[in-house]
Trainee: 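Below you will find the structure I want to go over with you.
A note on names: the letters A, B, ... follow the listed sequences, proteins ahead of strands, and every chain is numbered from 1. It should be emphasised that the depicted structure is a prediction, and the values quoted were computed from it without experimental measurement.
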There are 2 protein chains.
Amino acid sequence: MVAEGTIRDGVRLTPSAERILRTAARLFALNGYSATSTRDIAAAVGVQQPALYKHFSSKDDILSALVKLGLGRPVELAEAMTRRPGRAAAQLCRWLAECVRHLQGSPYVLVSIITTPELGQEHFASERALLDRLDRLVAELIGRGQREGDLRPMDPLSASRLVMALFDAMAMPEIAVRGEELIDFAMNGLVEDRNALEDIYREAAALDLASLDTQPG
Amino acid sequence: MVAEGTIRDGVRLTPSAERILRTAARLFALNGYSATSTRDIAAAVGVQQPALYKHFSSKDDILSALVKLGLGRPVELAEAMTRRPGRAAAQLCRWLAECVRHLQGSPYVLVSIITTPELGQEHFASERALLDRLDRLVAELIGRGQREGDLRPMDPLSASRLVMALFDAMAMPEIAVRGEELIDFAMNGLVEDRNALEDIYREAAALDLASLDTQPG
DNA sequence: GTCTATATCGGGATAGAC
DNA sequence: GTCTATCCCGATATAGAC
């Protein structure tokens with residue numbers, strides 16, 4: 001019974017590490033990664049700057065952990081959706097809804113991690129790979145939705161990029177966009193026949209995610 | 001006949017300043033503002049770092065100029081559209097098309113300026129104000145389009161944010177999204193009756209922008 | 001595992017010669 | 001208006017006491 005540490009998106013975290021990540025995520029989203037100093041993070045957490053290094057080996061390590069935590073569940077969900085038989089448009093819709101929920105509920109802001117340009121540097125290759133994987137999974141869902149006749153024909157990868165870009169609107173300053181509006185906007189932008197939307201939403205809501213919620217891996 | 005300097009978006013620039021801005025924009029978009037050093041910029045331009053300070057008073061000044069140049073024309077266009085009588089949906093559509101053109105043709109990347117988090121700092125208040133103005137103008141167009149029955153009901157400011165967020169997809173690494181796809185996605189996401197889209201596109205294309213191209217102000 | 005103190009480095013900006 | 005040399009500061013990271 002080692003009571004320390006929760007498991008979140010498959011990563012074990014001590015409560016202190018969790019507080020640091022939560023704080024760092026907020027600051028990164030607000031001011032950008034490079035513009036946020038480790039002193040800023042420490043001050044917001046309420047400790048001295050060197051204390052961070054007992055939990056993370058470097059500043060980059062904090063961002064790395066943040067990306068894994070922010071993208072872990074969305075990738076996992078997208079993978080489950082692509083593997084599953086069924087209507088791709090509904091699966092995409094449900095994936096969107098789950099991402100929005102994840103975004104709103106999680107302290108680890110997926111948003112403005114997607115567009116953190118510092119991730120382009122060489123040593124973040126594995127983090128970028130995760131993002132690319134998500135991109136491809138979503139593109140795959142969209143492509144299948146097109147072949148099934150539910151979604152408009154367009155380059156699936158472009159469509160995936162456009163959908164992902166929308167998440168940023170939820171991070172913008174002041175009042176953010178509501179999740180429902182984001183989903184509606186995205187689905188209306190993608191769907192071939194708008195009259196089918198009601199069915200797609202219904203099917204999406206009916207999808208069973210129970211097997212995922214047991215947190216495998 | 002003082003032949004030096006071109007006028008661009010209402011800002012006079014020497015050729016050297018123009019090269020610096022072009023280079024800085026690329027680097028900022030690629031690596032982020034804070035992560036790009038003035039030495040990086042100078043090296044890419046092919047001069048020594050202090051040479052930059054003959055053209056700009058600070059690094060922040062470079063970003064500031066970039067924002068003004070990147071947003072100047074989009075704001076100008078949006079203002080012209082909101083002032084003009086006529087179908088708002090078509091005006092929005094034309095504005096989108098012009099922004100995409102501006103984005104593709106201009107070295108001053110509007111993209112990833114919109115989401116540069118460093119602009120949140122206090123001393124960039126006037127630059128942020130420009131962004132807010134654009135946001136409100138687009139929201140105004142969308143609101144009018146809704147009242148005219150062309151666009152789906154939803155919070156106009158949220159809609160504006162979602163549309164603006166799409167521009168980021170054009171900046172993402174590797175192959176970017178084509179402008180046409182972006183416009184289609186946005187308009188499909190906004191429009192009430194998709195059958196009206198053809199008309200809206202036609203009207204948008206027919207809009208006369210001649211009075212603007214004389215570069216007033 | 002947190003603290004204080006500090007090493008080390010890189011970035012923004014200025015001085016002054018040419 | 002570009003160069004070299006340099007100042008100064010802030011940022012990451014480490015050392016070592018408690």
Trainee: D:dA11 phosphate, OP1 or OP2: any side-chain N/O from A:Thr38 under 4.0 angstrom?
Mentor: no
Trainee: Begin with the C-alpha distance, continue with both residues' side-chain angles, and end with the deciding distance and a verdict on side-chain contact (heavy atoms from CB on, under 4.5 Å) for A:Phe185 and A:Val177.
Mentor: CA-CA 11 Å; A:Phe185 185 85; A:Val177 173; over 6 Å; no
Trainee: Using a heavy-atom cut-off of under 4.0 Å over every strand shown, decide if B:Lys54 touches base, sugar-phosphate, or nothing.
Mentor: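 Base: the residue B:Lys54, judged by heavy atoms under 4.0 Å, touches a nucleobase.
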Trainee: Send over the distance from B:Leu63 CG to C:dG12 P, rounded to a whole Å.
Mentor: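 Going from B:Leu63 (CG) to C:dG12 (P), I get 13 Å.
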Trainee: As a test of reading the structure: which of C:dG12, D:dT14, C:dC3 is closest to the side chain of A:Gln48, going by heavy atoms?
Mentor: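 Between C:dG12, D:dT14, C:dC3, the one nearest the side chain of A:Gln48 would be C:dC3.
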Trainee: In whole Å, I'd like the distance from the CG atom of B:Leu52 to the P atom of C:dT14.
Mentor: 13 Å
Trainee: Looking only at side-chain N and O atoms, does B:Tyr53 offer a donor or acceptor that is under 3.5 Å from a partner on B:Asp61?
Mentor: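 There is no such pair (donor and acceptor under 3.5 Å, judged by atom type) between the side chains of B:Asp61 and B:Tyr53.
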Trainee: Between the side chains of B:Glu181 and A:Ser158, does any donor sit under 3.5 Å from an acceptor?
Mentor: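 A pair is found: one side chain offers a donor N or O, the other an acceptor, under 3.5 Å apart.
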Trainee: For the residue pair B:Gln91 / B:Arg144, report whether a side-chain donor-acceptor contact shorter than 3.5 Å exists.
Mentor: yes
Trainee: Counting side-chain heavy atoms from C-beta on, which of C:dT14, C:dG12, D:dA11 comes nearest to B:Pro50?
Mentor: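 Side chain of B:Pro50 sits closest to C:dT14.
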Trainee: Can you tell me how far P of D:dT14 sits from CZ of A:Phe56, to the nearest Å?
Mentor: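 Rounded to whole Å, this separation is 15 Å.
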Trainee: For the side chain of B:Arg39 and the base of C:dG12, is some donor closer than 3.5 Å to an acceptor across the two?
Mentor: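 Check passes, donor-acceptor contact within cut-off.
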Trainee: Once you round it to whole Å, what is the distance between C1' of D:dC3 and OH of B:Tyr53?
Mentor: 16 Å
Trainee: Go through the N and O atoms of the side chain of B:Gln49 and the base of C:dA13, and report whether any donor-acceptor pair is under 3.5 Å.
Mentor: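 Such a pair exists between side chain and base.
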Trainee: Whole-Å distance between C:dG11 C1' and B:Ile41 CD1?
Mentor: 11 Å
Trainee: Quick one: which of D:dT2, D:dA13, C:dC3 gets closest to the side chain of A:Lys59?
Mentor: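 Looking only at side-chain atoms, A:Lys59 lies closest to D:dA13.
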Trainee: Would you kindly give the CG-to-P distance between B:Asp61 and C:dT14, to the nearest whole Å?
Mentor: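 It works out to 12 Å between those atoms.
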Trainee: Side chain of A:Ser37: nearest nucleotide among C:dG11, D:dT12, D:dC3?
Mentor: D:dT12
Trainee: Rounding to a whole Å, what distance do you find between A:Phe28:CZ and D:dA11:P?
Mentor: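 My rounded result for the distance is 13 Å.
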Trainee: What does A:Ser34 touch in the nucleic acid at a heavy-atom separation under 4.0 angstrom: a base, only the sugar-phosphate, or nothing?
Mentor: nothing
Trainee: Please state how far atom CG in A:Leu27 lies from atom P in D:dA11, giving the value in whole angstrom units.
Mentor: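 Spelled out: CG on A:Leu27 to P on D:dA11 is 13 Å.
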Trainee: For the atom pair CG (B:Leu166) and CE (B:Met164), what is the distance rounded to the nearest 0.5 Å?
Mentor: 11.0 Å
